[in-house]
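One structure below.
A, B, ... follow the sequence lines: proteins, then strands. Residue 1 opens every chain.
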Number of protein chains: 2
Amino acid sequence: MPNKSSFDLLDYQIIQELHADVRMSSSEIARKLNANERTIRKRIDRLIADEVIRPTAVVNPQAFGYVTAVDIFLDAEPDQEDEIVKALLSIPEVTYFAFGLGSREMSIEARFKNNDDMREFLRHGITAIPGVLVKGYALVPRILRNIDEWMPKKEDFGLETD
Amino acid sequence: MPNKSSFDLLDYQIIQELHADVRMSSSEIARKLNANERTIRKRIDRLIADEVIRPTAVVNPQAFGYVTAVDIFLDAEPDQEDEIVKALLSIPEVTYFAFGLGSREMSIEARFKNNDDMREFLRHGITAIPGVLVKGYALVPRILRNIDEWMPKKEDFGLETD
DNA sequence: GCTGAAAATTATGCATT
DNA sequence: AATGCATAATTTTCAGC
């Protein structure tokens with residue numbers, strides 16, 4: 001079956017390199033991949049412009065003392081969805097925020113420096129938002145992988161597996 | 001109350017700039033912050049060495065056709081924890097993986113290109129791992145924030161709020 | 001821990017295929 | 001879409017404060 005992916009081997013290799021070290025210079029990538037520096041740069045620019053990759057500095061919450069994480073499952077009043085979304089996104093402790101299937105379902109992950117802060121948030125922080133009900137929550141003692149560590153498969157670039 | 005944060009205003013500003021655009025040159029950051037380029041570079045190197053920030057290219061699953069996400073809650077046989085962790089981390093579709101409170105509890109988030117792939121994973125992919133039981137799962141139609149977008153508060157740098 | 005100055009490296013703009 | 005070339009900008013190295 002022919003693959004009509006819009007990416008090729010060079011894209012795959014560039015993304016691999018940038019994923020491992022986004023500060024690597026285009027010249028060095030070009031050297032490693034036996035390609036022209038100008039070509040590499042244009043590819044990188046296009047990958048960024050097309051929002052295929054987003055170069056950023058991911059901040060480690062633990063370095064700032066945020067050692068506790070909790071997943072919170074919410075029931076949100078549909079009439080106030082816009083306000084609720086806005087309120088949740090404005091909370092700095094919220095590190096993840098997603099909609100569930102039903103129009104009322106939302107889930108967040110939040111980080112805290114200690115159990116008191118977490119408890120305070122669960123009891124007074126989150127419930128202070130009008131239209132929000134905490135359906136349940138679960139402590140998350142250890143996170144082993146996050147989206148920023150994700151990489152597509154080789155096949156996603158229209159390439160055969162090794 | 002005096003704050004004994006190990007970070008200062010300059011660190012805060014540097015992280016802000018890099019978070020917004022990690023490709024920004026040290027020279028440009030220095031210009032924006034009225035600091036010396038050498039100073040900025042050393043600060044950046046230290047922030048990276050101390051694992052406060054991790055410069056990377058976050059890959060957008062949607063750009064590769066991964067349009068569906070599902071949260072899966074697992075019951076894992078404690079005796080086989082090591083093997084299960086290894087197996088889960090080796091699955092490319094898994095974009096999030098965390099332990100729950102109990103020694104048996106794990107949760108993952110996985111991405112798929114379509115519902116068939118997701119269903120296949122739920123019915124045969126995940127359950128093929130010895131010692132793993134799917135307790136439940138929930139579709140995630142839309143994700144509004146992820147950890148890579150997180151930034152500490154100004155107070156976390158030992159600074160007053162505006 | 002911060003800064004200076006020269007050398008090496010890299011990025012950019014323009015043109016060509 | 002990829003590349004060569006000249007110029008501008010940045011990073012690096014070594015040093016001193």
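- On the nucleic acid side, DNA chain D has its first and last nucleotide under 4.0 Å of a heavy atom of chain B at D:dT10 to D:dC14, going 5' to 3'.
- One interatomic measurement links the two molecules: CD1 of B:Ile40 to C1' of C:dG4, which rounds to 16 Å at whole-angstrom precision.
- Residues in residues 72-81 of chain A take part in these salt bridge (charged side-chain N to carboxylate O under 4.0 Å, His left out) pairs, two or more places apart or across chains: A:Asp75-A:Arg104, A:Glu77-A:Arg104.
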Name the pairs: protein N/O against N/O of nucleotides 11-14 of chain C, kept only if under 3.5 Å.
residue : atom : partner : partner atom : Å
C:dA11  : OP2  : A:Ser26 : N            : 3.4
C:dA11  : OP2  : A:Ser27 : N            : 3.4
C:dA11  : OP2  : A:Ser27 : OG           : 3.3
C:dA11  : OP2  : A:Arg41 : NH2          : 2.7
C:dA11  : O5'  : A:Arg41 : NH2          : 2.8
C:dT12  : OP2  : A:Arg41 : NH1          : 3.0
C:dG13  : N7   : A:Arg38 : NH2          : 3.2
C:dG13  : O6   : A:Arg38 : NE           : 2.7

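- Axis angle across the helix from C:dG1-D:dC17 to C:dT17-D:dA1, with five pairs used at each end and values rounded to 10°: 40°.
- With sequence neighbours left out, B:Lys86 forms a salt bridge (Lys or Arg N to Asp or Glu O under 4.0 Å) with no residue at all.
- We find that B:Asp117 and B:Arg111 are not joined by a salt bridge, their nearest charged nitrogen and carboxylate oxygen being 4.0 Å or further apart.
- Here salt bridge (charged side-chain N to carboxylate O under 4.0 Å, His left out) pairs that include residues 12-27 of chain A, with residues two or more places apart or in two chains, are A:Glu17-A:Lys32, A:Arg23-B:Asp45.
- Counting to the nearest Å, the C1' atom of C:dC2 and the CG atom of B:Asp11 are 14 Å from each other.
- Its side chain within the 4.5 Å cluster rule, A:Phe73 clusters with B:Phe73 among the Ile, Leu, Val, Met, Phe, Trp and Tyr residues.
- A:Glu105 meets the side-chain hydrogen bond (donor to acceptor under 3.5 Å, both in side chains) test with no other residue; sequence neighbours excluded.
- Atom CG of A:Asn36 is separated from atom P of C:dT17 by 16 Å (rounded to the nearest Å).
- The hydrophobic cluster containing B:Ile143 also includes A:Tyr96, B:Val140, under a criterion of side-chain heavy atoms closer than 4.5 Å among ILVMFWY residues, counted directly or through chains of members.
- For B:Lys154, the side-chain hydrogen bond (donor to acceptor under 3.5 Å, both in side chains) partners are B:Asp162, not counting sequence neighbours.
- With sequence neighbours left out, the side chain to side chain contact (heavy atoms under 4.5 Å, CB included) criterion links A:Pro130 to A:Gln80.
- By the ring-ring contact (aromatic ring centres under 6.0 Å, His included) test, B:Tyr137 pairs with no residue at all, sequence neighbours left out.
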